[in-house]
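Lettering of chains follows the sequences in order, A, B, ..., and the numbering in each one begins at 1. Model, not experiment: these values are computed from the prediction.
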Amino acid sequence: MDYNFREIEKKWQERWAEQQTYRVTEDKSKPKYYVLNMFPYPSGAGLHVGHPLGYIASDIYARYKRQKGFNVLNPMGYDAYGLPAEQYAIQTGQHPEVTTNENIARYREQLDKIGFCFDWSREVRTCSPDYYHWTQWAFERMFEAFYSDAPLPTSPEGEENRPKARPIEQLVAYFEKFGTEGLDQYGVAGSSPSGETEGGFLFTAAEWKAMDAKQKSDTLMNWRIAYLGDTMVNWCPKLGTVLANDEVVDGVSVRGGYPVVQKQMRQWCLRVSAYAQRLLDGLETIDWTDSIKDAQRNWIGRSEGAEIVFQVAGTDQSFTIFTTRADTMFGVTFMVLAPESELVGQLTTAAQKADVEAYLEKVKARTERERMIDKKVTGVFTGSYAVNPFTGEQVPIWVSDYVLSGYGTGAIMAVPAHDSRDYAFAKHFDLPIIPLIEGADVSEESYDAKEGIVCNSQGKDFSLNGLTVKEAIAATKKYVSEKGIGRVKVNYRLRDAIFSRQRYWGEPFPVYYKNGIPTMIPEECLPLLLPEVDKFLPTETGEPPLGNAKCWAWNEQQRQVVDVADIDNENVFPLELYTMPGFAGSSAYYLRYMDPHNSQALVSREADEYWQNVDLYVGGTEHATGHLIYSRFWNKFLFDFGYSVKEEPFQKLINQGMIQGRSNFVYRIKDTNTFVSYGLREQYDTTPIHVDVNIVQNDVLDVEAFKQWRPEYNSAEFILEDGKYVCGWAIEKMSKSMFNVVNPDMIVERFGADTLRLYEMFLGPVEQSKPWDTNGIDGCHRFLRKLWMYAFDKDGQLRGEAGAAPSKEEQKSVHKLIKKVTQDIEAFSYNTSISAFMICLNELNQLKSANREVLKTLVSLLAPFCPHLCEELWEALGETGSVCDAPWPTWNEDYLKEDSVSLTISFNGKARFQMEFPADADNAAIEKAVLENAQSAKYMEGWQHVKTIIVPKKIVNIVLKK
RNA sequence: GCCGAAAUGGUGGAAUGGUAGACACGAGGGACUUAAAAUCCCUUGGCCGCAAGGCUGUGCGGGUUCGAGUCCCGCUUUCGGUACCA
């Protein structure tokens, strides 16, 4: 009887479904363990062998933990909103929901064939109203919140004294009482800074009270966590929508590759920046790789510096700059404003007006892409001068696009001697360069390093000369604060997330505009369903696709969605036409899995307290600065209001590597239909052509299949080597156009799911990117067949005597395996543990072993990797229940002890020969024996013995000298 | 530019500072078989040698150490991330 994987896998997949083997409930008698994969976007192309890599890795860990006695939550779902389905809808008129459902069905079918232990009863889809109900709900909660470092005087008793999000009513009450007076001291996060150096956005309680509803609404937008703001956005004209920074790569959209331009637009935003410090601090508490943590740290971009106020010469106007190099105040030779800065208009003199305006026009016309490719120095003088508060000197104020409006204050002091960008600018416009560090040569380039001794820095009542850069920075900060010409300031690179998209296929905002005031749909009326539209394109007037919806207005009185034609009715108001971005639905899905069918809350308190947070999260590094930041932010927000019990959502993170494709090539002789084998191609003038890897085996082309592959190759002729056509190969991205896509279904059909699972893990470390090469899969398949033959004889009878005890050698081999596999799984080193299985089985076969106890242990250990086969063997062994509940074996060190040890004897570090010693021999005895050994004498002849180093159980090194 | 990861046979990859190349693929040879499939055995980093054995070898150059693929310093290359962040 052979190993019939097709029958076995079908049988067990059916049985698991029938018996709901992987269904999990909140069982308080067991410790919990939460394993999560980043849920997939169900694309039309289906899965290729690269996709399940992470799922298999986490599935193995989930099964292992279950066997260890944990109650394991391992759910799966779909990130179902997205551009491809919508683009497809625009082209074909097919509703995105239809395509999405089809794709999901296909994904599910493919996933089911691989034998995952997902609890499908907990499946979530971001596009399902039960689900996006809670996405909308969270948005409303963020709208009704602001962020402050400390409670306000108007906060109720018992309000937590830590930086957190709080109900907006507290801020409103504060305005009622104090206006913006003194608001600064509570560290309130707002997009329009209320600090005294900024000016412009201060109001008294009386002024607040005098505001009408619209003005109050507009004002509060500056503090809400979810707010409407005018921001520069990445606008993709071709897609007709804005995109997040992580949706734009090299100035083009990730989806579709269309050009992206900068544009000022009124958008919904999330005040992620308020959480910058906590997002940074939280990294210390979680178990992620340093590379991902670093990526997030860089993205958040904390920098400590100072804000310093400069007066504009001849006026009473002033403006503030941010610098991390306060020590270079004496080297400031000009100032630069960002083109978008409001100051540009204020500071441009009449004489310079035309030049400045021309420059602004030019800058505006440049796309992000052009700016990135062409970094030549440009700028224009405003005509105004700023006064250096340290020296009283006047320096010109310029405008240039190398200064960004969104960072710091949108204005800088330029120190060309010690900043390479300022240096390039100064050289281009011939502005002075003053070196401030002893020995720094700035004739060719700037000296940017923050080290050295400061010079040329003597002011009226203040000198930095002789100090190190570090000391000088500190001294300047102190001076600036004391003199009231600035303050110490921490800046973050992290921006608020732009939260609206001009698309159809996304969560609708639960917002209507009541006389122009954005108003939330009452919580109890959620979810607000995505309306039907006839066209998925923007409207003729350029509004987003939801503008095509007929039934898209809100009747406040009836509390329901009504026809837009009713808008004349005084109770009917237009609904928001924007939809939410992709990351909206993927930001809190891990919480929903805990309690997916709850219609009263995102997650019940009880379920949340049981499951806490994700213990092991598996996914690709590409989400380092997108999803993994948004999710952490979102969860922290929910944590602040007690909706989530843990501040960090993902305790441990494993990043699986990418599976690259391995393409094959045939070589066509130019202008013929003759193909020459790889080894002979040099003799001809050939063109390499991609050939479908599925008709190539071990780099040998199936010539007949090739002729059938495409009509033009019907009459192809071949020049063979050794009777074979050998193909060339290369490692490339796995993609249809390279004909190197390997489909997991095909592998499952040919070798079985257990072989696929084993091989994907055997390929190399989970975290590492590696090419897929089907060639090696035989080895894994062979191992499973050998295991089958270990279990059964030719007649299909279980080998070995029932109840027979394993021999000492068998025990030793098996316990070695238990130890190795257990330790390797804990370290996610699956490839080496699979090797250990192979070694163990070879040892057992050497021993002519046939023992059911041994088999039972092997099956228990292999079950996480190859569940179908192990279920079959488990059943054959007469065990009841599923093998996923087989207790994890433990090893006994006694079996691993050796009677004797073989030591390598080396001389001056060079290994020469082996000697056997009793396991309990002491070092003195070993040294004596080695030195007296005849072989040793040979190597020691003419040398003098210095010392002997003995590494227990490994090596004896004799150190000699002449 | 900056940050991060990596570099080991024909290939994927193993090696708590202790015999480099485990395990697997591929290749070569052999056994069984009418044949094929399957299975089993041997060889397989390079060089020298009939052999015993020797030399050499983990991207490059130094260093620490009795001993370095592993640690330190300086490079090269590749891959990821990020980019006028003052």
Which nucleotide, if any, forms a Watson-Crick or G-U wobble pair with B/C2, using both distances under 3.5 Å?
B/G81
With a 4.0 Å cut-off, would you call A/Glu898 and A/Lys812 a salt bridge?
yes
What integer number of Å spans the C1' atoms of B/A15 and B/C79?
24 Å
Residues within residues 296-306 of chain A bordering RNA chain B, heavy-atom distance below 4.0 Å:
A/Asn298, A/Trp299, A/Ser303
Hey, does A/Asp448 reach any base, or is it just sugar-phosphate, or nothing, if we go heavy atoms under 4.0 Å?
nothing
Nearest to the side chain of A/Met838, which nucleotide is it out of B/U82, B/G4, B/C23?
B/C23
Going by atom types alone, do A/Tyr359 and A/Thr378 pair a side-chain donor with an acceptor below 3.5 Å?
yes
Considering only the C1' atoms, how many Å lie between B/A24 and B/G4, rounded to the nearest integer?
31 Å
Return the 5'-most residue of the pair A/Ala411, A/Gln914 with respect to RNA chain B, ranking by each residue's nearest nucleotide.
A/Gln914
For B/G9, does the glycosidic angle fall within 90° of 0 (syn) or outside that (anti)?
syn
Within 45° of the six-membered ring axis of A/Tyr407 and under 6.0 Å from that ring's centre, is NZ or CZ of A/Arg493 located there?
no
NA contact type, A/Tyr939, heavy-atom cut-off 4.0 Å: base, sugar-phosphate, or nothing?
sugar-phosphate
For atom P, what is the distance between B/A27 and B/C75, given to the nearest Å?
44 Å
Can you tell me the distance, in whole Å, between the CG atom of A/Asn491 and the P atom of B/A86?
8 Å
Tell me whether the NZ or CZ atom of A/Arg662 lies within the 45° cone about the ring axis of A/Trp772 and under 6.0 Å from its centre.
no
Centroid-to-centroid, A/Trp943 to A/Phe907, below 6.0 Å?
no
How does each nucleotide of nucleotides 9-16 of chain B score, in 5' to 3' order, for protein heavy atoms under 4.0 Å: base (B), sugar-phosphate only (S), or none (-)?
---BSSSB
Per-nucleotide protein contact string for nucleotides 63-72 of chain B (B base, S sugar-phosphate only, - none; heavy atom under 4.0 Å):
---BS-----
Partner of B/A7 by Watson-Crick or G-U wobble geometry, both contacts under 3.5 Å, or none?
B/U76
Is it possible for you to check whether A/Arg632 lies under 6.0 Å from the centre of the six-membered ring of A/Trp288, through NZ or CZ, and within 45° of that ring's axis?
yes
Who does B/G67 pair with, Watson-Crick or G-U, both distances under 3.5 Å?
none
How would you label the contact of A/Val403 with the nucleic acid (heavy atoms, under 4.0 Å): base, sugar-phosphate, or nothing?
base
